[in-house]
Amino acid sequence: MTNHEIASLLRKIAASYTVINEQKYRFQIIAYQKAAESIDHETTQVKDLVKENKLESLPGVGPSIRQHLEELIKTGKVKHFETVTKDVPAALFPLLSIPSFGPKKAFKLVNHFKLKNPDTVLEDIKKLAEDHRIAELPGFGDKSEKDILRALGEYKKGFGKTTRMVLPYASQIADKIIDYLKKSPNVEAAFPLGSLRRKLSTVGDIDIAVSSKNPKKAIDYFVSYPYMGRVIEQGPISASILTSGGQQVDVMVLEPHRFGSLLQHFTGSKNHNVALREFAIKKGLSLSEKGIKHSKSGKVDEFDTEEKFYNALGMDWIPPEIREDTGEVELALKHNLPKLVQLKDIKGDLHIHSSYPIEPSHDMGNNSMEEMLKKAQELGYEYLAFSEHNPNLSKHTKDQLYSIMARRKEKIEQLKLKYKSIRIINLLETDILPNGNLAIDEKCMGELDATLVSIHSVFKMDKEEMTKRVLSGLSHPKAKILTHPTGRLLNERNGYELDFEKIFDFCKQHNKALEINAWPQRLDLPDTLVRQAVGHGIKMVIDSDSHAVSEMDLMQFGVSVARRGWAQKNDILNTLEYNKLIDWLKE
DNA sequence: GCCGTTTTCGGCCCGACTGTTTTCAGTCG
């Protein structure tokens, strides 16, 4: 059972409690939802956490849910869950995936029409709506009947709750809309917020905050966006639309003198805001996008900047990337937040695929070494490392392999003479073969300063075997960096499983580094593992893995991952100046 | 059911918007 499936199960329990008796179980409902969210975001599999007895380290998992999950992993079911769901119609649950359907609405329909079959319930509801049987129910009307039909239609077309965009794609859409918004005289400023501002690896819907002296006019302007599918909702200070491409965009507007609290509110995360608000309650304060209300007097303090909002709570301003309620509020109060690594700290890129004819095992770059060096200089880098894939093993003899590697080294040496203002490093991205050996032999290895190593084939190995394979590859003295360590491709495949405790221990002991790969579909290490690596004192490098000049700009997304993982400058090796970096690579 | 920011007991965020309502329930973020 995957973490996502387990999270769904916990959400089912929360929904069941809601249906059974929302008042009585209101805090259990919150607890189950919290635990579900926590497990959905956890990169280690629950079954492994059970094995290692670490389940309760997850926020929101206490003694009770821990026991249930242990039972689930051991026996495949949970007695308590069966008791809870016993009196809840099974046909209710599929409806919960449909936007605008919650447990109450789903239950009313399923219960009133005695729908029994979860496999056909969507079709059943559709038919009932088409036959105008739903409007006659108390609490429903003509409009809700039409809304239900549309929601079902959109869900079928894939506009569901779960389609998430990779970060740069979401940024592009947001930029387009912000450009449009800024053309209005009623828009003073517009910023992307929500998960986009917190730089999550994938973004569900696009949130934009607008500062305006006339919010209503700004909203009117927003909902006449030319690339619009339809307006989902529209009020005096906020509106949501579906673009013609099917992406949801939420806009909230407030006057400039309240913009600070709006930025804070709309950036989230939800958990961060809840933590902040629970803290405020104890001080007799109530927080919202409008400002800070003093509970006794009812007076509301307003804030034009986010800094002032946080400062008013006695906290330092918290970088958006770490607003996840994982300890940042506490540290902000103690004025002890980490100083996160920044894009300008990066002094070079160590993972660059040029078009040099190395006859590689995998994809080759599109631009010459010279073109990529020019770009590196424009980016202000002090150094650049070439790290093409190793030559294809099956198509060359040993001697041919060596001659390719020797020629490549010769080329790099020539470039070093030609380019005085940037240092060039001679690396390679070497495959770790299924047996744990590296793809090139010692003689070829001699032509390199050091090598990156990674998994590019035979992903389907169990956790223990794969960990052994990776550590075997990494144990070569020239292997310094494990690139895209989990092998995940967002929205496409999960990574292979690795025992990261063992990987961390090994890296620490043998002075190896893990890569944060900035390629938008990878963003690998994932932020949660970066945080763990930082905790273990593991060094990392942030690389673009560029196959073209334009891709070298993607470095920023890797930096965002590092920041989300609480990495500081000294955790990231390619913030080092050249001499120190090369010493480490060659040691 | 979880959790420790004055608490190991007694708390648990806040508001926008919609549709069906004459004052609110449901959903969402």
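Each chain gets a letter, A, B and so on, in the order the sequences are listed, and its residues count up from 1.
Here S286(A) reaches the OP1 or OP2 of dC14(B): one of its side-chain N or O atoms lies under 4.0 Å away. A close approach under 4.0 Å does occur between a side-chain nitrogen or oxygen of S64(A) and OP1 or OP2 of dG1(B). Phosphate contact (OP1/OP2 of dG19(B), side-chain N/O of S144(A), threshold under 4.0 Å): absent. Distances shown here put a side-chain N or O of K104(A) below 4.0 Å from the OP1 or OP2 atom of dG26(B).
dT7(B) takes the syn form, because its glycosidic angle lies no more than 90° either side of 0.
Between dA25(B) and dT21(B), the two P atoms lie 13 Å apart (nearest whole Å). For the P atoms, the distance from dT20(B) to dT27(B) is 14 Å, rounded to whole Å. Look at the C1' atom in both dC2(B) and dC13(B): the space between them is 16 Å, to the nearest Å.
One can place CG of L55(A) at 14 Å from C1' of dC2(B), the figure rounded to the nearest angstrom. Between the CG atom of L96(A) and the C1' atom of dG26(B) there is a distance of 13 Å, given to the nearest Å. Distance R26(A) CZ to dA25(B) P: 14 Å, rounded to the nearest Å. For K290(A) and dC13(B), the NZ to P distance is 19 Å, given to the nearest whole Å. Here the C1' atom of nucleotide dC28(B) and the NZ atom of K105(A) are 12 Å apart, to the nearest Å. Between the CD1 atom of I232(A) and the C1' atom of dG29(B) there is a distance of 13 Å, rounded to whole Å. H272(A) places its NE2 atom 13 Å from the C1' atom of dT5(B), with the value rounded to the nearest Å. Protein atom CG of L333(A) is 14 Å distant from nucleotide atom P of dG4(B), rounded to whole Å.
Across all strands, K282(A) comes closer than 4.0 Å to base atoms (heavy-atom distances). Looking at heavy-atom distances under 4.0 Å, D142(A) makes contact with sugar-phosphate atoms alone, never a base. Nucleic acid contact for Q28(A): base, since at least one base atom lies under 4.0 Å from a heavy atom of the residue. Residue contacts shown for F140(A) are limited to sugar-phosphate atoms, with no base heavy atom under 4.0 Å away. I237(A) comes within contact range of the sugar-phosphate backbone alone, with a heavy-atom separation under 4.0 Å but no base atom that close. Contacts of P138(A) with the nucleic acid, taken as non-hydrogen atoms under 4.0 Å apart, are absent.
Relative to the ring axis of F101(A), K105(A) places its NZ or CZ within 45° and under 6.0 Å from the centre. In this structure, K176(A) is positioned above the aromatic face of Y227(A), its NZ or CZ under 6.0 Å from the six-membered ring centre and within 45° of the axis.
Note on R564(A) versus E324(A): salt bridge recorded, some NZ/NE/NH1/NH2 to OD/OE distance being below 4.0 Å.
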| task | Check the pair H272(A), E328(A) against side chain to side chain contact (heavy atoms under 4.5 Å, CB included), reporting the backbone distance first and the verdict last. | result | CA-CA 9 Å; H272(A) 174 80; E328(A) 75 280 8; 2.7 Å; yes

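Which of dC17(B), dC12(B), dG29(B) sits closest to the side chain of F27(A) comes down to dC12(B). With dT27(B), dG29(B), dC17(B) as the choices, the nucleotide that has an atom nearest any side-chain atom of P103(A) turns out to be dT27(B).
L69(A) is not listed as a side-chain neighbour of V78(A), based on a closest heavy-atom distance of 4.5 Å or more. Using a 4.5 Å cut-off on side-chain heavy atoms (C-beta onward), T85(A) and F93(A) make contact.
The base-pairing partner of dT27(B), taking Watson-Crick or G-U wobble contacts with both distances under 3.5 Å, is dA16(B).
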